[in-house]
Amino acid sequence: MVRARFAPSPTGYLHIGSARTFIFNWLYVRRQKGTMVLRIDDTDVERNTEASLNSIYEGLEWLNLGWDEFYRQSDRLDLHRQLAYRLLEEGHAYRDFTPAQAELEDRKPSDGPWLCHPEMRALSREESSRRAQAGEPFVIRYRVPRDTPREVKFQDLVYGAQTKSAADIEDFALLRSNGMPTYHLASCADDIDLKISHIIRGQDHISNTYKHVLIFEGAGTPAPQFAHLPLLVAPDGAKLSKRKHGPVVSVTTYRDNGFLAIGYINFLCLLGWSPKDNREQMTIEELTAAFSFEGVNRSNAVINFSEEDPIDPKALWLNSQHLRTIAVETLTPQVRATLAKFGLTPYGDEEHFAHVVEVTRARFTTLLDFPTKGRAYFADDFEMEPKALEKLEAPGAREMLRELAGRIAANLEFTEASVEAELRKLAVEKGVKAGVLINASRAALTGQSVGPSAFAVFLCVGRERVIARFGKA
RNA sequence: GGCGCUAUCGUCUAACGGUUAGGACAGAGCCCUCUCAAGGCUUAAAUAGGGGUUCGAUUCCCCUUAGCGCUACCA
């Protein structure tokens, strides 16, 4: 039974890299018919914020993939402490009474890594208990085996066999002097208790994994399977950070820019993973069916963005592909919601609205295009672009549009075919090319020189508004 | 500094020893056309450098270089 977890710590908004980690976990779990656990890793009381937690929920909610079980580490502190004390009892850990500050000063990065305080490691059980009982503050550290040389190993589903000499691993902290578990302890204790079978996370955890393997070993539990994912980085190769790269690293930015969740998910999946058959645009079902760790590659992926173009062009392209291919019924509610944010409501009934969406979406990229570029389909107060004005100012164009309006008003029928027939007939009568009238119509109807087939626009706008807009042109 | 991971077009990637090194986005051009998209076609663009192994290396090994990660009582 596959059980994977996504374990964000609420110290910032939901990061694009975290989102991808969540998605990969989710795809693997769904593929294997397993269980997806959402666990909030909030043991760092100093840095946790409620705002961050909300931002994480907001992001996950938008992704709309869901999860099966939910936990907060702060509700499980006793479990973590129990493991720390058990490791202490069994000699896999020891108390370190060195004050936190002094420790920092001790360390000189120039001469190799800090490994441990030998005196503390050597403290007798009795002495250790005595000092603890006397109220002296201490941290519990893992006693990394270093008496005899040995290798710590694990098999990574993405990176293959990994080994590191235990001599290069420091005696890391498990329990802080304030009684709070560290990430390593809490994470492993919970992974054991929640029977996590697969740990799928960022590659920045590879070095930590050796420590975790040691904890599992000390706890006498077989380690889960590990799958590390390459990192998502900025165009300059640097780690993505809010301070340096701004809101482009937050999931909600894409949502607020009118992305479809599937467009965003699809884009993220293609960063560091490939179905290996040249497919690019994929539905969530296709992604689930195709996902495997074989397809995950090992080098970091650059998200292509700049000051001028804050969104990766490929993300935009993928989104536009989904925008024009998903079922209209799934799209219309989202368009309606987006319009509402701009104070707009669709004309006509649901069927008509669906038709307007169908006609316009082929040249839109994000949901935001509906209320902006597509404003004329939902409101009368739209801008007249200079290029459109030129089309309207073609000799005699305005008069012909009024003439056309009159004929449309008089006609019984109002279909693309009838409008086209009427327009072409008028063009012949006036001795102008049909294109002149067609372009002038589009300009008068939408304020734009570009857009869908003009005859489709007539229908989208509706007979009354066509007449009105031609009258005002 | 120590330890670890990585290295194919500008970007995302395919090619698990033999290919004219493939696809996609972005760029350029053409076709289509009532405009703009879409779509179709064409074009430019890559195996970091050096050694091995091999009949043959993008692919396996070593070195160099570069990037990234970890090196906290952060996660």
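Order of the sequence lines fixes the chain letters, A, B, ..., with proteins taken first and strands second; residue numbering starts at 1 for each chain.
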Would you mind checking if [Y] and [X] are paired as a salt bridge, meaning a charged N to carboxylate O distance below 4.0 Å?
X	Y	value
Asp369(A)	Arg363(A)	no
Glu390(A)	Lys387(A)	no
Asp236(A)	Lys244(A)	yes
Asp193(A)	Arg76(A)	yes

Using whole Å, report how far [atom1] of [X] lies from [atom2] of [N].
X	N	atom1	atom2	value
His228(A)	A75(B)	NE2	P	16 Å
Lys391(A)	C34(B)	NZ	C1'	9 Å
Ile206(A)	G67(B)	CD1	P	20 Å
Phe22(A)	A75(B)	CZ	P	22 Å
Glu170(A)	C70(B)	CD	C1'	9 Å

Nearest of [options] to any side-chain atom of [X]?
X	options	answer
Asn297(A)	G39(B), A14(B), A75(B)	A14(B)
Val302(A)	G4(B), A75(B), U11(B)	U11(B)
Thr43(A)	C70(B), C3(B), A75(B)	A75(B)
Gln162(A)	A14(B), U71(B), G4(B)	G4(B)
Arg363(A)	A75(B), C36(B), U71(B)	C36(B)
His205(A)	C5(B), C73(B), A75(B)	A75(B)
Leu231(A)	U6(B), G69(B), A14(B)	G69(B)

Watson-Crick or G-U wobble partner for [N], using a 3.5 Å limit on both distances?
N	result
A7(B)	U65(B)
G39(B)	C31(B)
C55(B)	G18(B)
A26(B)	none
G1(B)	U71(B)

Could you give the distance separating [M] and [N] at their [atom1] atoms, to the nearest angstrom?
N	M	atom1	value
U58(B)	C16(B)	P	14 Å
A26(B)	G49(B)	P	29 Å
U8(B)	G23(B)	C1'	13 Å
C60(B)	G18(B)	C1'	15 Å

For C36(B), does OP1 or OP2 lie under 4.0 Å from any side-chain N or O of Arg442(A)?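 So the side-chain polar atoms of Arg442(A) never come under 4.0 Å of the phosphate oxygens OP1 or OP2 of C36(B).
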
Could you tell me whether the phosphate oxygens of U13(B), OP1 or OP2, come under 4.0 Å of any side-chain nitrogen or oxygen in Lys276(A)?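 No.
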
Measure from NZ or CZ of Arg72(A) to the centre of the six-membered ring of Phe70(A), then state whether that distance is under 6.0 Å and the direction lies within 45° of the axis.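 The answer is no; the distance or angle limit is not met.
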
Could I get a table of every N or O pair under 3.5 Å where one atom is in the protein and the other is in nucleotides 22-29 of chain B?
{"from": "G22(B)", "atom 1": "N2", "to": "Asn278(A)", "atom 2": "OD1", "distance (Å)": "3.2"}
{"from": "G23(B)", "atom 1": "N2", "to": "Glu280(A)", "atom 2": "OE2", "distance (Å)": "3.2"}
{"from": "A24(B)", "atom 1": "O2'", "to": "Glu280(A)", "atom 2": "OE1", "distance (Å)": "3.0"}
{"from": "A24(B)", "atom 1": "N3", "to": "Lys314(A)", "atom 2": "NZ", "distance (Å)": "2.9"}
{"from": "C25(B)", "atom 1": "O2'", "to": "Lys314(A)", "atom 2": "N", "distance (Å)": "3.3"}

Does Lys239(A) reach a base, just sugar-phosphate, or nothing at all? Heavy atoms under 4.0 Å.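 Sugar-phosphate, backbone atoms only, no base.
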
Atom pairs and distances, side-chain donor-acceptor, residues 260-273 of chain A, under 3.5 Å, sequence neighbours left out:
{"from": "Asn266(A)", "atom 1": "OD1", "to": "Met282(A)", "atom 2": "N", "distance (Å)": "2.8"}
{"from": "Asn266(A)", "atom 1": "OD1", "to": "His322(A)", "atom 2": "NE2", "distance (Å)": "3.4"}
{"from": "Asn266(A)", "atom 1": "ND2", "to": "Glu280(A)", "atom 2": "O", "distance (Å)": "3.0"}
{"from": "Trp273(A)", "atom 1": "NE1", "to": "Ser292(A)", "atom 2": "O", "distance (Å)": "3.4"}

If you go through the side-chain atoms of Asp204(A), does one of them form a donor-acceptor pair with the base of A75(B) closer than 3.5 Å?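 Absent.
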
Taking the six-membered ring for Trp and the single ring otherwise, decide whether the centroids of Phe226(A) and Tyr159(A) are under 6.0 Å apart.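 Here the rings of Tyr159(A) and Phe226(A) have centres that are no less than 6.0 Å from each other.
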
Less than 6.0 Å separating the ring centroids of Phe172(A) and Tyr210(A)?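 No, they do not, as the ring centres are separated by 6.0 Å or more.
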
Contact list please: residues 414-427 of chain A against RNA chain B, heavy atoms, distance less than 4.0 Å, in numerical order.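 When residues 414-427 of chain A is checked for heavy atoms under 4.0 Å from RNA chain B, there are no hits whatsoever.
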
Contacts to RNA chain B from residues 446-457 of chain A, heavy-atom cutoff under 4.0 Å, which residues?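 Those residues are Ser449(A), Val450(A), Gly451(A), Pro452(A), Ser453(A), Ala454(A), Phe455(A).
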
Can you give each donor-acceptor pair under 3.5 Å made by side-chain atoms of residues 434-444 of chain A, sequence neighbours left out, with the distance rounded to 0.1 Å?
{"from": "Asn439(A)", "atom 1": "OD1", "to": "Arg442(A)", "atom 2": "NH1", "distance (Å)": "3.1"}
{"from": "Asn439(A)", "atom 1": "ND2", "to": "Gly435(A)", "atom 2": "O", "distance (Å)": "3.2"}
{"from": "Ser441(A)", "atom 1": "OG", "to": "Leu437(A)", "atom 2": "O", "distance (Å)": "2.7"}
{"from": "Arg442(A)", "atom 1": "NE", "to": "Pro452(A)", "atom 2": "O", "distance (Å)": "3.2"}
{"from": "Arg442(A)", "atom 1": "NH2", "to": "Pro452(A)", "atom 2": "O", "distance (Å)": "3.3"}

Assess whether atom CD of Glu294(A) is packed by more than 12 heavy atoms of other residues, nucleotides or ligands within 6.0 Å.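 For Glu294(A), atom CD is not crowded (no more than 12 foreign heavy atoms under 6.0 Å).
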
Which residue, Ala434(A) or Tyr183(A), contacts RNA chain B at a nucleotide closer to its 5' end, judged by nearest heavy atom?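 Final value for this comparison: Ala434(A).
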
Take Pro181(A) and Tyr210(A), find for each the nucleotide of RNA chain B with the closest heavy atom, and name the residue whose nucleotide sits nearer the 5' end.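 Between the two, 5'-proximity favours Tyr210(A).
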
Among Arg143(A), Arg121(A), Arg95(A), salt bridge (Lys or Arg N to Asp or Glu O under 4.0 Å) partner for Asp171(A):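 Exactly one pass, corresponding to Arg121(A).
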
Would you call the rings of Phe370(A) and Phe364(A) parallel, tilted or perpendicular, where under 30° means parallel and over 60° means perpendicular?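 If you compare the ring of Phe370(A) with that of Phe364(A), the planes turn out perpendicular.
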
From CA spacing to verdict: side chain to side chain contact (heavy atoms under 4.5 Å, CB included), Leu231(A), Lys239(A): CA-CA 8 Å; Leu231(A) 267 20; Lys239(A) 187 163 128 181; over 6 Å; no

His212(A): what forms a side-chain hydrogen bond (donor to acceptor under 3.5 Å, both in side chains) with it, not counting sequence neighbours?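 His212(A): side-chain hydrogen bond (donor to acceptor under 3.5 Å, both in side chains) contacts with His184(A), Arg201(A).
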
